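Structure first, commentary second.
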Amino acid sequence: MATINDFNINVQQHVLDDLNRRLEQTRWTDEPQNADWNYGTNPAYLRELVAYWQKKYDWRSHEKMLNQFPQFTVEIDNVNIHFLHIKGKGKHSKPLLLTHGWPDSFYRFHKVIPMLTNPSGLGRNEDESFDLIIPSIPGFGFSSHHAVNSDVTAEIFNKLMVDALSYNQYYVAGGDMGSMVAKSMANQFPNHVKAIHITDVGYPNGSEDWSTMSEAEQQFGQMIQGWFFTEGAFNMIQSTKPQSLSYGLNDSPVGLAAWIIEKFNSWSDNNGHIENSFTKDELITNIMIYWVSQSINSSIRTYAENARAAYMGGLQSSQKVMVPTGVSLFPKEAQFPREWAERMVNLASFTKMEKGGHFAPMEVPYLYAVELMDFFEKFD
């Protein structure tokens, strides 16, 4: 059995000092007049965020907050995996693996940890609690810089659950790339995965026969095609030439922040202002996890690994999931119809949420936690 080691985040002071020097020496670009978010990251907001980062943000306090959660590392298939493991308060807590995406991190779930491990705080029965396992995807954060496709990640995470932690049966939930991992785990290991919950079910890949689909599905396909032309440039470059991009992102903290927060703005239900959904401290802490670990290159290279695996023969995450699946569709996600979800998964629950976006556990943690509890209690 693999050896599990205790882990604490402890960023060396020279890393923080170097970061401060880089922030101070930022060479700012020219800025279109009244740019707002129309050309990408809002220049005025980015300057505001960077000033806060320099003068008010305190990494050590956030490091301390993150270290209150039990953290570990374990080597699986020559990949060092960082994960949180928080036991639930109930006598029969259900094991639940939560898996993040890009450009977020394990930090995506920090607000729902107390809710899901001790639901009595929400007025729920303590026996609805979960044992939470929250790993950093290979190539992300404090896992090693191994960029692998979602099927390989699924294999590693199943070994984490079954071999390292002795959970023979368990649940999985996630969004974005985490949805891909959850679907792959369900398809590869249906004897271990009892049910999954995801916030997106997958997108058209060009192989569909749209003439056989409903009008709602066809409209969805047209919308997604338009979305890729207007919003999908990040996906194309990260799926094809991530190395070219990575040098600038790994060298410039402001460049890294600009690349990441544009997605947090575009994909959140913020009613025109990003801080309606996230505080500056939350945005910067997520960025800091990429910066201090120097994981931006391996994280974006994961897109290329997925694209190449899909080209060479497909991914398990692209196959229909037969394990019972709950889907919560938040309003700032791509609005796929129920028929599309039924085509992609064995749909046991479909909820159209009234509020929230792509990073729901950070943005609307209470709504997200209740969705998970309501869905997984069906499988006790």
Side-chain angles (χ1 to χ4, degrees), residues 98-104 108 150 172-187 195-236 239 263-270 277 303 306-307 310 314-364 367-368 370-372 374-376:
L98 298 175
T99 179
H100 64 84
W102 186 91
D104 59 308
R108 165 190 277 245
S150 59
V172 186
D176 188 79
M177 195 178 293
S179 291
M180 294 178 65
V181 173
K183 290 169 63 183
S184 183
M185 293 180 77
N187 282 338
I196 67 171
H197 181 279
I198 52 181
T199 54
D200 45 84
V201 298
Y203 305 104
N205 60 20
S207 66
E208 296 80 12
D209 180 359
W210 290 99
S211 66
T212 66
M213 297 189 185
S214 69
E215 182 178 348
E217 288 175 295
Q218 292 183 38
Q219 291 175 352
F220 168 65
Q222 292 170 357
M223 183 274 291
I224 287 295
Q225 186 177 40
W227 183 90
F228 268 103
F229 276 109
T230 58
E231 297 288 340
F234 81 97
N235 191 308
M236 293 300 294
S239 296
K263 304 309 172 195
F264 275 79
N265 179 71
S266 297
W267 299 345
S268 62
D269 191 13
N270 61 46
S277 293
Y303 280 73
N306 277 327
L315 292 164
Q316 288 291 325
S317 57
S318 66
Q319 305 301 312
K320 181 169 182 176
V321 174
M322 300 313 297
V323 165
T325 304
V327 176
S328 298
L329 178 57
F330 291 86
K332 287 297 288 186
E333 292 280 19
Q335 295 298 293
F336 50 85
R338 184 186 183 98
E339 301 99 294
W340 179 258
E342 290 173 336
R343 189 178 299 276
M344 302 297 286
V345 299
N346 176 13
L347 193 64
S349 174
F350 184 75
T351 306
K352 295 198 73 171
M353 307 298 291
E354 295 183 359
K355 183 180 180 181
H358 193 68
F359 308 100
M362 287 181 67
E363 191 176 3
V364 285
L367 295 180
Y368 182 79
V370 169
E371 278 293 289
L372 295 191
D374 286 347
F375 176 67
F376 287 123

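Please read all numbers here as calculations on a predicted model, not as lab measurements. All values below come from the heavy atoms of this structure, side chains included, with hydrogens, waters and symmetry mates left out.
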- Can you name the side-chain contact (heavy atoms from CB on, under 4.5 Å) partners of Ala307, sequence neighbours left out? Ser239
- Sorted by chain and residue number, the salt bridge (Lys or Arg N to Asp or Glu O under 4.0 Å) partners of Asp200 (sequence neighbours excluded) come out as none
- Task: Could you tell me whether the side chain of Lys183 and the main chain of Val201 form a donor-acceptor pair under 3.5 Å?
- Result: yes
- Query: Quick one: salt bridge (Lys or Arg N to Asp or Glu O under 4.0 Å) partners of Glu342, sequence neighbours excluded?
  - Reply: Arg338
- Query: Hey, is the main chain of Ser277 close enough, under 3.5 Å, to the side chain of Asp269 for a donor-acceptor pair?
  - Reply: no
- Find the distance between CD (Gln319) and OG (Ser184) and round it off to the nearest 0.5 Å. 10.0 Å
- Can you tell if the side chain of Ser328 reaches within under 4.5 Å of the side chain of Phe375, non-hydrogen atoms only? no
- Does any N or O in the side chain of Thr199 come within less than 3.5 Å of the main-chain N or O of Leu329, such that one atom is a donor and the other an acceptor? no
- State, yes or no, whether a side-chain contact exists between Glu363 and Tyr368 at a heavy-atom distance under 4.5 Å. no
- Message: Between Asn306 and Met180, is there a side-chain heavy-atom distance shorter than 4.5 Å?
- Response: yes
- Query: If you take all heavy atoms of Phe350 and Pro337, which pair is closest and at what distance?
  - Reply: CZ-C, 4.4 Å
- Query: Is it true that a side-chain atom of Trp340 and a backbone atom of Gly202 form a donor plus acceptor pair closer than 3.5 Å?
  - Reply: yes
Side-chain donor/acceptor pairs under 3.5 Å, residues 351-358, sequence neighbours excluded:
from, atom 1, to, atom 2, distance (Å)
Thr351, OG1, Glu371, OE1, 3.4
His358, ND1, Glu333, OE1, 2.9
His358, ND1, Glu333, OE2, 3.1
His358, NE2, Asp176, OD1, 2.7

- Could you tell me how the ring of Phe234 sits relative to the ring of Trp227: parallel (under 30°), tilted (30 to 60°) or perpendicular (over 60°)? perpendicular
- Query: How long is the gap from CG on Asn187 to CG on Leu315, to the nearest 0.5 Å?
  - Reply: 11.0 Å
- Task: Would you name the heavy atoms of Ser268 and Asn265 that are closest together and state the gap between them?
- Result: OG-O, 3.4 Å
- Any donor and acceptor pair, going by atom type alone, linking the side chain of Asp104 with main-chain N or O of Phe359 inside 3.5 Å? no
- Message: Just so I know, are the side chains of Ile198 and Val321 near enough to count as touching, which here means a heavy-atom distance under 4.5 Å?
- Response: no
- Query: Do any N or O atoms from the side chain of Thr325 and from the backbone of Val323 form a donor-acceptor pair under 3.5 angstrom?
  - Reply: yes
- Message: Could you check whether any side-chain heavy atom of Phe264 comes within less than 4.5 Å of a side-chain heavy atom of Met362, counting everything from C-beta outward?
- Response: yes
- Item | Neighbour count >12 (heavy atoms, 6.0 Å) for atom CD, Glu208 | yes
- State the CZ-CD1 distance between Phe376 and Ile196, to the nearest 0.5 angstrom. 8.0 Å
- Shortest non-hydrogen contact from Gly221 toward Pro204: CA-CG, 4.4 Å
- Residue pairs passing the salt bridge (charged side-chain N to carboxylate O under 4.0 Å, His left out) test with at least one member in residues 217-233, sequence neighbours excluded, are Glu217-Arg343
- Message: Taking CE in Met223 as the centre, count heavy atoms belonging to other residues, nucleotides or ligands within less than 6.0 Å. Is the count above 12?
- Response: yes
- Item | Between CE on residue Met344 and OG on residue Ser317, distance to nearest 0.5 Å | 8.5 Å
- Among all residues two or more places apart in sequence or in another chain, which pass the side-chain contact (heavy atoms from CB on, under 4.5 Å) test with Gln219? Glu215
- Query: In Å, rounded to the nearest 0.5 Å, how long is the span from CZ of Phe220 to CD of Glu339?
  - Reply: 11.5 Å
- Please name the pair of heavy atoms, one in Pro103 and one in Lys263, separated by the smallest distance, quoted to 0.1 Å. CG-CB, 3.9 Å
